[in-house]
Amino acid sequence: MIDLAIRCKNLTKVYPGGVSAVSGLDLEVRTGECFGLLGPNGAGKTTTIEVLEGILKPTSGQVEILGHTWGNGDRAIRERIGISLQETRLSEKLTVRETLKLFRSFYPTGISPEEGIELISLSEKTNARVGKLSGGQRQRLAVACALVGNPALLFLDEPTTGLDPQSRRKIWDLLRRFRSEGHTVLLTTHYMDEAERLCDRVAVVDHGKVIALGSPNELIASLGGEHMIEFSVANGSSSSSAPIPESELRSLPGVSAVRVDGVEITLTASEPHLVLPRLLERLGGNSGELTRLSIRHTSLEDVFVELTGRHLRDGDTS
């Protein structure tokens, strides 16, 4: 039997006025894994994670966290979870050490403030006031506040949004270390490279339901091709129609999907070396002038576009 850190069944959340943010969501997160909860704006990710954290009460459904349920085992849950919200407001007049000492006092066991400071590589800022820290340093401190109680389960809601690449990678290294020690992480993010690098499994959420579930590699493979061929054509006839009929593009060898956005065309292909000669031959006719051509590996972003028809955007509020 699989040991579960999180289990929710038929979870729903309806706000006053009848706005449904979560609609019968089923989710299981295994103990010891890093699990990504992903989706476009308005998908219901933040509402879901706030219900799991005990911040919001569900309208209906079952929620179990570390073997306990909210309303019956609240203290047992809170003593074993850590939470880092999208935006954590810390007292700007406290020092880094004082901040971690304060958060450590909320838990019966955990690590020392000094250990927390070492984890986030802020030793040189131990006595600096929070108000003097950079944005990246504050975010790393917020994550340390979630870790100082040595939680069995860590909730991270977009922990690296807006950070510079170096700060992002420091948090990645911190999460890998935390995960390697057998702890569980539930992560929401808008950065697909982050999900691919950190998550064992991801769930794609849209309109309050899980619409796809699996490892990043499994979801990427579900598109039926390992490569994306993207090209643009200066079409003299119409900027709103494909320079080559979609049916003809789909008939190219190894092409499993075609997406057309005006003169911007994307082909999902398993064998680009077979597709390209035929494509270039066809474009050499009267289809228009090739203005851009690139080949890349299929990514989770492509999975999102295929499943939801939308790209991920910053600023999800539901």
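Note that the structure is predicted; figures quoted are calculated from it, not measured. The first residue of the sequence shown is numbered 1, and numbering continues consecutively from there.
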Check whether any side-chain heavy atom of [X] lies under 4.5 Å from a side-chain heavy atom of [Y], and answer yes or no.
| X | Y | answer |
| --- | --- | --- |
| Leu156 | Leu186 | no |
| Leu100 | Ile111 | no |
| Ile265 | Leu249 | yes |
| Ile295 | Leu276 | yes |
| Thr48 | Leu37 | yes |
| Thr188 | Leu38 | no |
| Arg140 | Ile171 | yes |
| Leu102 | Glu98 | no |

Please walk me through it: do Arg179 and Asp200 pass salt bridge (charged side-chain N to carboxylate O under 4.0 Å, His left out)? CA-CA 10 Å; Arg179 162 74 172 74; Asp200 300 294; 2.9 Å; yes

[atom1]/[X] to [atom2]/[Y] distance, rounded to the nearest 0.5 angstrom?
| X | Y | atom1 | atom2 | result |
| --- | --- | --- | --- | --- |
| Leu25 | Lys45 | CG | NZ | 12.0 Å |
| Leu154 | Leu187 | CG | CG | 9.0 Å |
| Tyr191 | Leu198 | OH | CG | 13.0 Å |
| Leu307 | Leu219 | CG | CG | 7.5 Å |
| Cys8 | Ile65 | SG | CD1 | 7.5 Å |
| Glu306 | Ile220 | CD | CD1 | 13.5 Å |

Taking only residues two or more places apart in sequence, or in another chain, which ones meet Ser299 in a side chain to side chain contact (heavy atoms under 4.5 Å, CB included)?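 Here the qualifying residues are Glu196, Arg296, Glu301, Asp302.
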
When you compare the side chains of Tyr15 and Thr47, does any donor N or O come within less than 3.5 Å of an acceptor on the partner?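 There is such a pair (donor and acceptor under 3.5 Å, judged by atom type) between the side chains of Tyr15 and Thr47.
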
Verify the distance criterion only: is there a donor paired with an acceptor across the side chains of Ser23 and Thr12 at less than 3.5 Å?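 There is no such pair between these side chains.
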
Give the C-alpha distance, both sets of side-chain angles, the deciding distance and a yes or no for salt bridge (charged side-chain N to carboxylate O under 4.0 Å, His left out) between Arg259 and Glu264. CA-CA 8 Å; Arg259 186 168 70 247; Glu264 301 283 340; over 6 Å; no

What do you reckon, is CD of Glu181 surrounded by more than 12 foreign heavy atoms closer than 6.0 Å?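 Yes, CD of Glu181 has more than 12 neighbouring heavy atoms, counting only those of other groups under 6.0 Å.
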
Does atom CZ (Arg292) have a neighbourhood of more than 12 heavy atoms from anything else shown, all under 6.0 Å?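 Yes, the 6.0 Å shell around CZ holds more than 12 heavy atoms from other groups.
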
Sidechain-backbone polar pair: [X] side chain, [Y] backbone, donor-acceptor under 3.5 Å:
| X | Y | value |
| --- | --- | --- |
| Ser232 | Thr291 | no |
| Arg129 | Lys93 | yes |
| Asp26 | Asn10 | yes |
| Thr298 | His227 | yes |
| Ser167 | Leu163 | no |

Check against side chain to side chain donor-acceptor pair (under 3.5 Å), Thr189 and Glu194: CA-CA 7 Å; Thr189 180; Glu194 187 163 89; 2.7 Å; yes

Stepwise salt bridge (charged side-chain N to carboxylate O under 4.0 Å, His left out) check, Asp173 with Arg168: CA-CA 9 Å; Asp173 291 341; Arg168 287 182 67 202; over 6 Å; no

Under the ring pair (Phe, Tyr, Trp, His ring centres under 6.0 Å) test, which residues partner Phe178, sequence neighbours left out?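 Here the qualifying residues are His183.
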
[X]: what forms a side-chain hydrogen bond (donor to acceptor under 3.5 Å, both in side chains) with it, not counting sequence neighbours?
| X | result |
| --- | --- |
| Glu33 | Arg201 |
| Thr31 | Asp3 |
| Glu92 | Arg138 |

Taking every non-hydrogen atom, the tightest pair across [X] and [Y]:
| X | Y | result |
| --- | --- | --- |
| Leu213 | Ala203 | CD1-CB, 3.9 Å |
| Val148 | Cys145 | CG1-O, 3.5 Å |
| Pro272 | Ile229 | CB-CD1, 4.0 Å |
| Lys13 | Lys57 | NZ-O, 2.8 Å |
| Tyr107 | Glu79 | CD2-O, 3.8 Å |
| Val202 | Cys199 | CG1-CB, 3.7 Å |

Which donor-acceptor pairs under 3.5 Å do the side chains of residues 112-128 make with protein atoms, sequence neighbours left out?
from	atom 1	to	atom 2	distance (Å)
Ser112	OG	Glu115	N	3.1
Ser112	OG	Glu115	OE1	3.3
Glu114	OE2	Arg97	NE	2.6
Glu114	OE2	Arg97	NH2	2.9
Glu115	OE1	Ser112	N	2.8
Glu118	OE1	Ser123	OG	3.2
Thr126	OG1	Ser123	O	2.8

Flag yes if [X] and [Y] sit in one hydrophobic cluster, no otherwise; membership is Ile, Leu, Val, Met, Phe, Trp, Tyr, and two members link when side-chain heavy atoms are under 4.5 Å apart.
| X | Y | value |
| --- | --- | --- |
| Leu27 | Val14 | no |
| Phe155 | Val29 | yes |
| Leu85 | Val143 | no |
| Leu153 | Phe35 | yes |
| Leu274 | Leu279 | no |

What's the verdict on side-chain contact (heavy atoms from CB on, under 4.5 Å) for Glu226 and Glu271, showing C-alpha distance, side-chain angles and the deciding distance? CA-CA 8 Å; Glu226 298 177 355; Glu271 298 178 294; over 6 Å; no

For the pair Leu66 and Thr184, evaluate side-chain contact (heavy atoms from CB on, under 4.5 Å) and give the outcome as yes or no after the intermediate values. CA-CA 10 Å; Leu66 299 172; Thr184 307; 5.9 Å; no

Between Glu64 and Trp70, is the side-chain contact (heavy atoms from CB on, under 4.5 Å) condition met? List the steps. CA-CA 7 Å; Glu64 187 175 291; Trp70 290 111; over 6 Å; no

Could you walk me through whether Arg169 and Arg197 pass side-chain contact (heavy atoms from CB on, under 4.5 Å), step by step? CA-CA 11 Å; Arg169 291 187 178 276; Arg197 289 171 183 264; 4.0 Å; yes

